[in-house]
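Note that this is a predicted model, so its numbers are computed, not measured. The basis for the numbers below is simple: all heavy atoms, side chains too, and nothing from hydrogens, waters or symmetry mates. Counting convention: from 1, in listed order, for ligands and their atoms alike.
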Amino acid sequence: MSDAILVTGGAGFIGSHACKALHHAGLRPVSFDNLSTGHAHAVRYGPLVQGDVRDAAAVEAALRAHDARAVIHFAASAYVGESMADPARYYDNNVGGMIGLVQGCRAAGVKRIVFSSSCATYGVPESLPIRETTPQRPINPYGRTKLIGEEILRDLSVEGMRHVALRYFNAAGADPEGELGEHHDPETHLLPLALKAASGQGRPLAIFGTDYPTPDGTCIRDYIHVADLARAHVLALARLREGGESLALNLGTGRGHSVREIVAAIEAVTGRAVPVRLEPRRPGDPPELVADPGRAVAELGFRTECSDIGTIVRHAAPWFGLEAGHVQAA
Ligand code: UFG
């Protein structure tokens with residue numbers, strides 16, 4: 001029988017896409033999710049175990065019940081702004097969650113973990129593009145909790161636990177076959193809010209900050225398609241299965257887009273105007289985050305396939321009731 005993989009946060013945005021990728025790679029995803037932000041209807045590939053990662057006994061029981069040999073750990077709170085307002089919650093869920101997870105893994109004898117880390121661990125980078133060797137100096141509690149998660153995993157290597165920490169840049173898009181998409185509540189991410197604004201369902205898009213030291217004054221991010229991210233997890237698991245050493249990898253495209261460029265791409269792909277309002281900077285936002293994706297290419301052979309901004313918008317638009325057959329964005 002194929003390997004079972006425990007996917008914490010399997011009912012969430014990236015987790016649900018990863019389960020699909022695992023299934024198509026011949027693995028057996030088992031979603032472990034407390035459904036605090038995930039959705040049971042997003043678990044389409046493999047069973048759902050309802051549980052909390054802070055509960056080591058529940059993690060151990062799920063690993064044993066499904067005979068899982070590895071874990072992908074997505075379950076976490078993931079809003080930068082919320083982490084600034086309620087840091088204790090982030091330390092509890094994200095750091096407490098990592099501790100519960102590794103205790104459950106130790107008890108069940110599972111020694112391979114792929115961890116959902118973030119480019120938020122770099123803070124305001126001292127140079128661009130961001131390499132894995134760029135110093136990690138997070139500027140918000142969310143980023144700090146992800147960095148602590150990486151450090152816990154590094155320390156546990158003394159017991160033979162091996163991991164790949166994947167530092168995502170900005171996950172976006174939706175399943176190319178239209179089965180899965182992005183449903184956060186509340187929604188704070190740029191792409192979904194801009195698409196909602198274009199569809200007339202939402203308020204005009206707030207552009208947070210037009211005085212950043214970037215060419216058009218708005219923040220620059222490296223948007224990577226969720227289906228590309230999902231595929232990287234399958235490659236990371238294969239590496240660990242083959243005995244590869246622990247490592248940390250950026251997952252991005254190497255290309256940045258400003259907020260205004262995202263608005264323009266949505267308008268070009270959907271043929272709809274995105275109503276905007278100009279707002280002050282949002283606390284905790286670095287001006288520019290762009291990955292050097294070279295190490296993931298070298299270590300995993302991972303290359304993005306559908307992360308050009310036009311494809312990201314085309315796949316996400318139908319989730320917001322928009323047609324996406326218009327002129328393709330550059
Ligand atoms: N933005 C707006 N208006 C909005 C929402 C966002 O102008 O209504 C801007 C932000 O200021 C930022 C960019 O759009 O410059 C992207 O913002 P998102 O909220 O979509 O994404 P973030 O870059 O803040 O955060 C995301 C994930 C985090 C992750 C981080 C790493 O939510 O989990 O990427 O950069 F850590």
**Message:** I need the contact type for L191 against ligand 1. Using non-hydrogen atoms and a strict under-4.0 Å cut-off, is it side chain, backbone, both or neither?
**Reply:** neither

**Message:** Residue-level breakdown please: for H189 versus ligand 1, do any non-hydrogen atoms fall below 4.0 Å on the side chain, on the backbone, on both, or on neither?
**Reply:**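 Both the backbone and the side chain of H189 come within reach of ligand 1.
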
May I ask you to identify the nearest protein heavy atom to [atom], giving residue, atom name and distance to one decimal place in Å?
atom	answer
atom 15 (O) of ligand 1	C219 CB, 2.8 Å
atom 29 (C) of ligand 1	S118 OG, 3.6 Å
atom 35 (O) of ligand 1	C119 SG, 3.2 Å
atom 9 (C) of ligand 1	V259 CG2, 3.8 Å
atom 1 (N) of ligand 1	F208 CD1, 3.8 Å
atom 3 (N) of ligand 1	A206 O, 2.6 Å
atom 22 (P) of ligand 1	N170 ND2, 3.6 Å
atom 20 (O) of ligand 1	L190 N, 2.8 Å

Which of the ligand 1 atoms, numbered from 1, are nearer than 4.0 Å to a heavy atom of [X]:
X	result
L193	8 (O)
L205	8 (O)
A78	32 (O), 33 (O)
L289	35 (O)
I207	7 (O)
A120	36 (F)

Quick check against the 3.5 Å criterion: does [X] have a side-chain atom that pairs as donor or acceptor with the backbone of [Y]?
X	Y	result
R54	G96	no
W319	L180	yes
R231	R303	yes

Any side-chain donor paired with an acceptor under 3.5 Å for [X] and [Y]?
X	Y	answer
T311	R314	yes
H183	H39	no
S116	Y168	yes
E261	Y223	no
E82	Y90	yes

**Asked** Is the shortest distance from a heavy atom of Y223 to ligand 1 less than 4.0 Å?
**Response** yes

Would one find an N or O of [X], backbone or side chain, under 3.5 Å from an N or O of ligand 1?
X	answer
V80	no
Y168	no
Y142	yes

**Prompt:** Once the angle between the rings of H233 and F74 is folded into 0 to 90°, is it parallel (under 30°), tilted (30 to 60°) or perpendicular (over 60°)?
**Reply:**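 Taking F74 first and then H233, their aromatic rings sit tilted (interplane angle of 30° to 60°).
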
**Asked** Going by the angle between their ring planes, with limits at 30° and 60°, are H184 and H189 parallel, tilted or perpendicular?
**Response**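 Aromatic pair H184/H189 classed tilted.
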
**Asked** Does the distance from a Lys or Arg side-chain N to an Asp or Glu carboxylate O, for E150 and K146, drop under 4.0 Å?
**Response**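 A salt bridge is absent here (no side-chain N lies under 4.0 Å from a carboxylate O).
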
**Request:** Considering only NZ, NE, NH1 and NH2 on the basic side and carboxylate oxygens on the acidic side, decide whether E187 and K196 come within less than 4.0 Å.
**Result:** no

**Message:** Quick check on side chain to side chain contact (heavy atoms under 4.5 Å, CB included): which of V110, I113, L63, D55 does L101 satisfy it with?
**Reply:** I113

**Request:** Run down the list H184, E279, R282, R167 and name the one with the heavy atom closest to atom 18 (P) of ligand 1.
**Result:**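 It is R282 that holds the nearest heavy atom.
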
